[in-house]
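When a residue number appears, it is its place in the shown sequence, counting from 1.
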Amino acid sequence: MKTTKILALSLVMAFAVLPAMAQFKNAEDSICKTNLFLYREAYKSKQYQDAYEPWKIALQTCPSSSKNLYIHGATILKNLFNATKDAEQRKAYVDELMNLYDMRIQYYGEAAEVTARKAYDLQVLRGDAALKEYYQLYASAMSLGANNLDVAFIDRYFAATVKYVTSGNADTTLIVDNYDIASDALDGLVAATQDSSKKTEIYNVIASIENRFSPFASCEELVKIYAKKFEANRDDVSLLKKITTILRKKKCMDTELFFAATEQLNKLEPSASTAYLMAQMNYQRKRFNEAASYINEAIKNAEEKDKYNMYILQGLCYSEVNSYSQARAAYNRAADMEPSKGEPYRLISQLYASSVRSINDGLNGRSAYWAAVDAANRSISVDGSPENVEAARRLISSYSAHFPKQADAFELDLVDGNTFTVPGWIGVTTTVRTRK
């Protein structure tokens with residue numbers, strides 16, 4: 001029956017092409033066109049068995065005639081695989097399909113995408129019996145160009161990684177390393193995508209990968225994996241970046257390993273970001289002088305757009321070591337960077353209030369509260385956001401309750417509404433306000 005169909009198609013093709021025979025460059029060209037016609041007609045009717053032989057001849061004769069040779073060929077081979085129960089024949093079809101993908105890359109490129117498709121088809125057709133092979137193909141596809149892959153392949157790559165490791169082929173380090181690779185690729189795709197539905201698809205894959213990674217992602221487990229590597233390769237910048245990135249992503253920044261790796265990275269490859277991170281961590285550990293040193297380094301090398309938070313931290317560091325003038329200067333620089341933010345003035349307000357005991361004004365330092373309320377009011381004037389206004393008003397309420405008593409001020413010839421310059425490091429001119 002199959003032979004009769006092919007013969008009939010051949011006769012149709014022969015009569016169809018006879019008028020154009022003079023246009024054939026050679027016999028090979030004729031064979032190519034004839035078999036392209038035959039396989040396409042059978043393929044359209046989903047007669048994959050009838051399409052197989054002419055498709056093979058066309059592939060051998062003119063492999064660069066059309067990318068559809070490879071797209072259609074994959075469909076033909078997978079359907080023939082599913083149509084037979086013979087194990088040897090199935091193996092032959094899978095081998096032929098794998099070779100077909102290699103030819104497609106040879107003639108049409110797109111190595112990353114095609115290798116990922118090759119991995120997926122091998123996984124579907126041979127299952128876990130081919131785990132080692134299809135995992136390696138997914139890994140190759142990612143290294144060839146993860147940014148060119150459909151997000152579904154990145155999800156399959158990580159799923160294959162977990163199965164590969166849990167089947168005893170590698171240790172847990174591979175899961176962590178490949179999570180890092182997959183996450184970077186997905187972050188890049190999110191940044192490059194404007195389409196909201198596509199972003200949703202990417203976020204769904206991110207959630208899927210996070211869910212698979214979760215059993216291996218405890219801080220204790222991550223530290224166990226990377227601590228030995230760190231000690232053995234303290235000068236490996238790539239490893240240090242990997243350690244700090246993965247620990248940051250998994251919120252393990254309070255570990256000694258993260259601190260040590262970041263410190264070492266800043267020594268080997270200094271940058272504003274690592275110096276800022278070191279400043280934050282030293283501040284949290286109450287190592288304020290070290291934190292101030294790092295934040296100064298960070299500010300020196302940072303871009304202008306990144307300096308606001310650095311100046312805030314610089315002010316906090318100086319405040320903790322009682323360098324109040326330097327702290328205020330840092331907060332004022334932050335205010336210059338972001339004029340519409342009230343935070344710097346609230347911090348100056350708190351700075352003034354914390355200096356009461358050091359101010360010799362005859363009022364037990366209470367004039368500092370006038371300056372503190374002025375700074376809090378300025379915070380409200382530049383930043384009307386509900387959060388800032390609420391925080392500033394709390395300061396005003398608290399500090400106003402500590403204004404000097406009217407009688408105490410009167411003894412110094414001070415009455416409400418007078419101007420007054422707060423002595424000491426504060427040195428600002430303010431307005432006298434008293435309480436009964």
Side-chain angles (χ1 to χ4, degrees), residues 1-14 16-17 31-138 140-141 144 148-157 159-160 163:
M1 183 67 178
K2 181 180 78 171
T3 306
T4 303
K5 288 181 180 178
I6 293 176
L7 179 59
L9 283 169
S10 300
L11 289 171
V12 171
M13 177 63 181
V17 302
I31 293 170
C32 174
K33 291 183 179 180
T34 300
N35 284 281
L36 283 171
F37 175 83
L38 292 173
Y39 107 72
R40 286 169 179 165
E41 290 301 307
Y43 183 88
K44 289 175 187 176
S45 302
K46 298 185 178 180
Q47 301 296 319
Y48 299 117
Q49 188 66 58
D50 292 344
Y52 178 61
E53 289 299 334
W55 167 77
K56 281 183 68 174
I57 295 171
L59 184 68
Q60 293 164 1
T61 309
C62 46
S64 61
S65 60
S66 169
K67 189 192 291 188
N68 279 337
L69 263 178
Y70 301 93
I71 298 172
H72 294 166
T75 301
I76 291 168
L77 290 170
K78 285 186 280 187
N79 275 277
L80 294 181
F81 173 93
N82 290 325
T84 183
K85 300 298 182 184
D86 183 273
E88 288 300 315
Q89 187 60 63
R90 281 189 156 210
K91 182 179 183 305
Y93 285 138
V94 172
D95 290 344
E96 192 171 357
L97 178 61
M98 298 298 103
N99 290 331
L100 178 67
Y101 280 125
D102 291 339
M103 287 184 67
R104 177 174 169 177
I105 292 170
Q106 178 185 348
Y107 286 101
Y108 290 98
E110 300 174 338
E113 179 186 350
V114 176
T115 301
R117 290 184 180 279
K118 182 179 179 180
Y120 179 64
D121 283 350
L122 183 61
Q123 180 180 5
V124 170
L125 299 179
R126 291 192 57 205
D128 288 346
L131 173 59
K132 291 182 180 179
E133 291 83 356
Y134 74 69
Y135 164 71
Q136 293 297 341
L137 286 170
Y138 278 128
S140 294
L144 286 166
N148 296 320
L149 294 181
D150 186 278
V151 290
F153 287 125
I154 300 177
D155 195 23
R156 291 165 188 157
Y157 156 73
K163 183 168 284 189

Let me confirm one number: the CG-CG distance from Leu144 to Leu137, rounded to the nearest 0.5 Å. 10.0 Å
Atom CZ in Arg117, atom CG in Leu122: separation rounded to 0.5 Å? 15.0 Å
Keeping Trp55 on the side-chain end and Ile76 on the backbone end, is there a donor-acceptor pair under 3.5 Å? no
How far does SG of Cys62 sit from CG of Asn35, to the nearest 0.5 angstrom? 8.0 Å
Can you sort out the partners of Asp95 under side chain to side chain donor-acceptor pair (under 3.5 Å), two or more places apart, ordered by chain and number? Lys91
Heavy-atom pair with the smallest gap, counting every atom of Val114 and Gly109: CG2-O, 3.9 Å
Note: Leu131 and Ala160 closest approach over all heavy atoms is CD1-O, 4.3 Å
Note, Glu110 side chain near Ile105 side chain (heavy atom, < 4.5 Å): no
With side chains defined as the heavy atoms from C-beta onward, is the minimum distance between Leu69 and Pro63 less than 4.5 Å? no
How close do Leu100 and Gly73 get, heavy atom to heavy atom, and via which atoms? CD2-C, 3.6 Å
Rounded distance [0.5 Å steps], CG in Asp155 versus OH in Tyr138: 9.5 Å
Just how far is it from atom OH of Tyr70 to atom CG of Leu97, taken to the nearest 0.5 Å? 13.0 Å
Apply the test side-chain contact (heavy atoms from CB on, under 4.5 Å) to residues Asp102 and Lys118: give CA-CA distance (whole Å), side-chain angles for both, the deciding distance (0.1 Å), then the verdict. CA-CA 9 Å; Asp102 291 339; Lys118 182 179 179 180; 2.7 Å; yes
What verdict does the side chain to side chain donor-acceptor pair (under 3.5 Å) test give for Asp128 and Tyr134, after you've listed the backbone C-alpha separation in whole Å, the side-chain angles of each residue and the deciding distance to 0.1 Å? CA-CA 9 Å; Asp128 288 346; Tyr134 74 69; 3.1 Å; yes
Distance-only, no hydrogens or angles: does the Ser45 side chain make a donor-acceptor pair with backbone N or O of Gln47 under 3.5 Å? no
Checking Leu59, Ile57, Thr61 against Cys32 for side-chain contact (heavy atoms from CB on, under 4.5 Å), the one that qualifies is Thr61
Checking side-chain contact (heavy atoms from CB on, under 4.5 Å) for the pair Tyr93/Thr84: CA distance, chi angles, key distance, verdict? CA-CA 10 Å; Tyr93 285 138; Thr84 183; 4.1 Å; yes
On a heavy-atom basis, which atom in Ala116 and which in Ala141 lie closest, and how many Å separate them? N-CB, 3.7 Å
Taking Gln89's backbone N and O only, do any of them form a donor-acceptor pair with Asp86's side chain (distance below 3.5 Å, no angle check)? yes
Any donor-acceptor N or O pair under 3.5 Å, side chains Glu53, Tyr39: no
Derivation and outcome, side-chain contact (heavy atoms from CB on, under 4.5 Å), residues Asp50 and Tyr43: CA-CA 8 Å; Asp50 292 344; Tyr43 183 88; over 6 Å; no
Between Glu133 and Arg126, is the closest basic N to carboxylate O distance under 4.0 Å? no
Just by modelled atom types, is the Ser64 backbone N or O under 3.5 Å from a matching donor or acceptor in the Tyr108 side chain? yes
Approximate separation, where rounding is to 0.5 Å, of Thr115 OG1 and Tyr101 OH: 10.5 Å
Apply side-chain contact (heavy atoms from CB on, under 4.5 Å) to residues Phe153 and Asn148 and explain how you reach the verdict. CA-CA 10 Å; Phe153 287 125; Asn148 296 320; over 6 Å; no
